[in-house]
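Below is one structure; the comments refer to it alone.
By convention in this document, chain letters (A, B, ...) are assigned in the order of the sequence lines, proteins followed by strands, and residues within each chain are numbered from 1. The analysis underlying the following values was restricted to heavy atoms, covering all of them including side chains, and did not include hydrogens, waters or symmetry mates.
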There are 2 protein chains.
Amino acid sequence: MASLARAAGVAASTVSRALRNDPRISPDVRDRIVALAQEVGYTPNILARSLVGGSSGLIGLVLGPVDNPFYAELMQRAVTQAAARGWRLLLVHAGPGPIEQATADALLQYRVDGCLITSAELSSRAARICRDNQVPLVMVNRVAWEHGSAVSCDNDAAGALLADLLIEAGHRRLAVVSGNPTTSTSIERADGFIRRVRAAGLPEPLRFGGVNSHAKGFEAGQVIAALPAPDRPDAVLGVSDLIAMGIMDALREAGIAVPGEISVVGIDGVAAARRPPYRMTTVAQPLEDMMERALDLLNARMNGVHRADEVVTLRGDLVIGQSARLPARLTAG
Amino acid sequence: MASLARAAGVAASTVSRALRNDPRISPDVRDRIVALAQEVGYTPNILARSLVGGSSGLIGLVLGPVDNPFYAELMQRAVTQAAARGWRLLLVHAGPGPIEQATADALLQYRVDGCLITSAELSSRAARICRDNQVPLVMVNRVAWEHGSAVSCDNDAAGALLADLLIEAGHRRLAVVSGNPTTSTSIERADGFIRRVRAAGLPEPLRFGGVNSHAKGFEAGQVIAALPAPDRPDAVLGVSDLIAMGIMDALREAGIAVPGEISVVGIDGVAAARRPPYRMTTVAQPLEDMMERALDLLNARMNGVHRADEVVTLRGDLVIGQSARLPARLTAG
DNA sequence: TTGAAAGCGATACCAG
DNA sequence: CTGGTATCGCTTTCAA
């Protein structure tokens, strides 16, 4: 920058202002400097800028296991929307394993302006670090931990809605395949579902699960398929599309027609579940809006202003596929 | 850091050295400082360090469309392996669209030590920026562009291997569904396949394609299914697993048995293709090794040392699934 | 083995 | 409107 200033015959501070469109710089001087910068291929060093300015322009991103396409879709939204706000993502973790200390430390070392945690599990270490250092924190698809704001889909309502629809369509023996029993997302979805089944006076739903994976759904599907027909459920909720896909695969492999003999529904609305051969009936998370709100929450907390932690819940969108028998009023149109 | 130095009764430079395990600092002083830093929760500011040191510890990551799970898997490897080397990823792009100028600029603004481009398409802008600014660049799953090194799977060999196996197993009417006609990956895979088909004296393979997506594979599958039986191919290669999954879905939906009536094979080895209901016979890219080599290449070019661009090609691993009829010698075991 | 001082590249305040 | 100067947090000579 010094050499640029010399070449332009002005002071460094003038260059600095010109390049950031400071209003109180004369247009002609600014144009000359901008042109010169362009010419010599000068790019401001954000690291140096952050040093004095305080803000790094970085958002830490902690991702969950990306074998669940939901996280991949979330990530894509995060990159795009963050870029639109002039922020960059520091990707510090992606995967199922616990986040390491060195990794969590990076959030502080790089002075991230905020942190986005999308993993339903294992986020505690990163969350603690953010709390201890007043780094704004927003969790997506996850209930707020001790500290931090959160944006999620109304999981309970999603489960309840699907239960209502299945029941209205005449299903009587329902089942639910859960994910990780320690994650709020999985629990709430199952709870909402089960509550409505009970409210309808139907028998207690069968319950399976333990991990949020295709394999676990497949396993549950095999067990269900092996049940003698009278005991066999006529409708199953996979608490995630990934699980629901596994269920459906197992049932079909066992020669059971979906939705002919058993209806299957999921939650998330990932692309893979919506296309053939699944055409899943599911409740899609409003990803675009969720990320928008998440970044809003971060933004509001980024300039040093303290604000109370905030929890935002958005309603999901019912996606009518062909994996479940639904009330005629929905399928007629 | 100044306050830390004051509290410890030493100079800032001593603190700096102590925290980085400089050998020429007395152990007791170092321990005292480290303990104190721990106590007050001090974290070094890497931005400031980079300012003087030169290296930011950041690797720019440009990702392709993550609806293809291949890119998601690649990303997970990238994060893990980069972390193991003490690097962090600056995620500047993910998705199908072209990379924007502002995004590409971020690579320079944050002074990334190197750049990893995994998108088979649209990487030119980022690549150009790296070239113009001597930022080490490695492309993964993509042939080298004008500038930069590259690591990829031997795509041609993968296509050739699958053709050989299908032919050996007795298939006679082959077809190939390509991806984006401008990407080296897609072209090479198809070329290898077609070359072997010709070499075997079989009729010219049917060709479909245009985009690397499930939808495009599905479309091609529908067309294939609609062909009158005598013209219908008895084996199809989808140049990516994503495409192959689409093909298989369409065929099965049309009531055609896979692999009973038509064999389907893919390339990539993504998790989704290997599990039920696909159980794809495919050539898996050695992701772990590819990322390892990619980071090696970056590392060798990162400390200012100039090295010639390098291209590394790794052989893929045949994954025997159940989506294709294969020679008995392979399926016997 | 430790300390003092000079930067690294930018911004911001205070003058002019 | 523009120029000097202190400063951000850390590393790195150069001395002691």
Side-chain angles (χ1 to χ4, degrees), chain A residues 1-34 36-37 40-58 86 88 105-113 133 135 303-304, chain B residues 1-34 36-37 40-58 86 88 105-113 133 135 303-304:
Chain A
M1 190 170 122
S3 64
L4 222 189
R6 218 174 309 118
V10 297
S13 39
T14 303
V15 174
S16 170
R17 287 189 278 251
L19 260 28
R20 279 170 307 133
N21 288 317
D22 190 305
R24 58 188 192 183
I25 218 84
S26 76
D28 51 341
V29 170
R30 193 195 50 216
D31 292 349
R32 191 160 51 85
I33 295 181
V34 169
L36 193 60
V40 303
Y42 165 82
T43 310
N45 185 331
I46 293 224
L47 278 45
R49 176 181 296 173
S50 323
L51 199 53
V52 44
S55 120
S56 65
L58 292 174
R88 306 296 158 193
D105 286 341
L107 294 172
L108 298 181
Q109 296 172 334
Y110 283 93
R111 299 296 191 265
V112 297
D113 294 335
N133 295 274
V135 175
N303 308 310
Chain B
M1 191 169 118
S3 64
L4 223 189
R6 217 175 308 116
V10 297
S13 41
T14 304
V15 174
S16 168
R17 287 189 275 251
L19 260 28
R20 279 171 307 136
N21 288 317
D22 191 305
R24 56 186 194 187
I25 218 83
S26 74
D28 52 339
V29 170
R30 193 195 51 214
D31 292 349
R32 191 160 50 85
I33 295 180
V34 168
L36 193 61
V40 303
Y42 166 81
T43 310
N45 184 332
I46 294 224
L47 278 44
R49 175 181 296 174
S50 321
L51 198 53
V52 45
S55 122
S56 65
L58 292 174
R88 306 297 158 192
D105 286 341
L107 294 172
L108 299 180
Q109 296 171 335
Y110 283 93
R111 299 296 190 264
V112 297
D113 294 335
N133 295 275
V135 175
N303 308 310

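The CG atom of A:L19 sits 14 Å away from the P atom of C:dA12 (whole-angstrom rounding). Atom C1' of nucleotide C:dA12 and atom CE of A:M1 are separated by 11 Å, given to the nearest angstrom. Straight-line distance from the CZ atom of B:R30 to the C1' atom of C:dT1: 13 Å, rounded to whole Å. C:dA10 atom P lies 12 Å from atom CG of B:L108, rounded to whole Å. Following rounding to the nearest Å, B:Q109 (CD) and C:dG9 (C1') show an atom-to-atom distance of 14 Å. Atoms CG (A:L51) and P (C:dG9) sit 12 Å apart, rounded to a whole Å. Rounding to whole angstrom units, CD1 of residue B:I33 and P of D:dT11 are separated by 12 Å. Rounded to an integer number of Å, the gap from CG of B:L4 to P of D:dC10 is 9 Å.
The shortest distance between the side-chain N/O atoms of B:R20 and the OP1/OP2 oxygens of D:dT12 is below 4.0 Å. Contact annotation: B:Y110 side-chain N/O to C:dG9 OP1/OP2 distance is not under 4.0 Å. The side chain of A:R49 places an N or O atom within less than 4.0 Å of a non-bridging phosphate oxygen (OP1 or OP2) of C:dT11. The shortest distance between the side-chain N/O atoms of B:T14 and the OP1/OP2 oxygens of C:dT2 is not below 4.0 Å.
Between C:dT11, D:dC8, C:dA5, one nucleotide has an atom nearer to the side chain of B:S13 than all others, and that is C:dA5. Of the candidate nucleotides D:dT13, D:dT11, D:dT2, D:dT13 has the atom lying nearest to any side-chain atom of B:R17. Picking from C:dT1, C:dG3, C:dA10 the nucleotide with the shortest atom distance to the side chain of B:R111 gives C:dA10. Between C:dT11, C:dC8, C:dA10, one nucleotide has an atom nearer to the side chain of A:P44 than all others, and that is C:dA10. Considering only the side chain of B:A48, D:dG9 comes nearest among D:dG9, D:dG4, C:dA10. The side chain of A:Y42 has C:dA10 as its nearest neighbour among D:dT12, D:dG3, C:dA10. Of the candidate nucleotides D:dT12, D:dT2, C:dG3, D:dT12 has the atom lying nearest to any side-chain atom of B:V52. For B:V29, taking side-chain heavy atoms from C-beta onward, the closest of the listed nucleotides D:dT2, C:dT2, C:dT11 is C:dT2.
The distance from the OG1 atom of A:T14 to the CG atom of A:L4 is 11.5 Å, given to the nearest 0.5 Å. In this structure, the separation between CG on A:L58 and CD1 on A:I46 is 8.0 Å, given to the nearest 0.5 Å.
Here the shortest heavy-atom pairing between A:N45 and B:R111 reads CB-NH2, 3.5 Å. When every heavy atom of B:L36 is checked against every heavy atom of B:A7, the shortest pair comes out as CD2-CB, 3.8 Å. Pairing each heavy atom of B:D113 with each of B:S56, the nearest pair is OD1-N, 3.0 Å.
Residue contacts shown for A:V10 are limited to sugar-phosphate atoms, with no base heavy atom under 4.0 Å away. Counting any heavy atom pair closer than 4.0 Å across all strands shown, A:T43 reaches sugar-phosphate atoms only and no base atom.
In this structure, A:S16 and A:R24 both approach DNA chain C, and ranking their closest nucleotides by distance from the 5' end singles out A:S16.
Not one N or O on the side chain of B:S16 forms a donor-acceptor pair closer than 3.5 Å with the backbone of B:A12.
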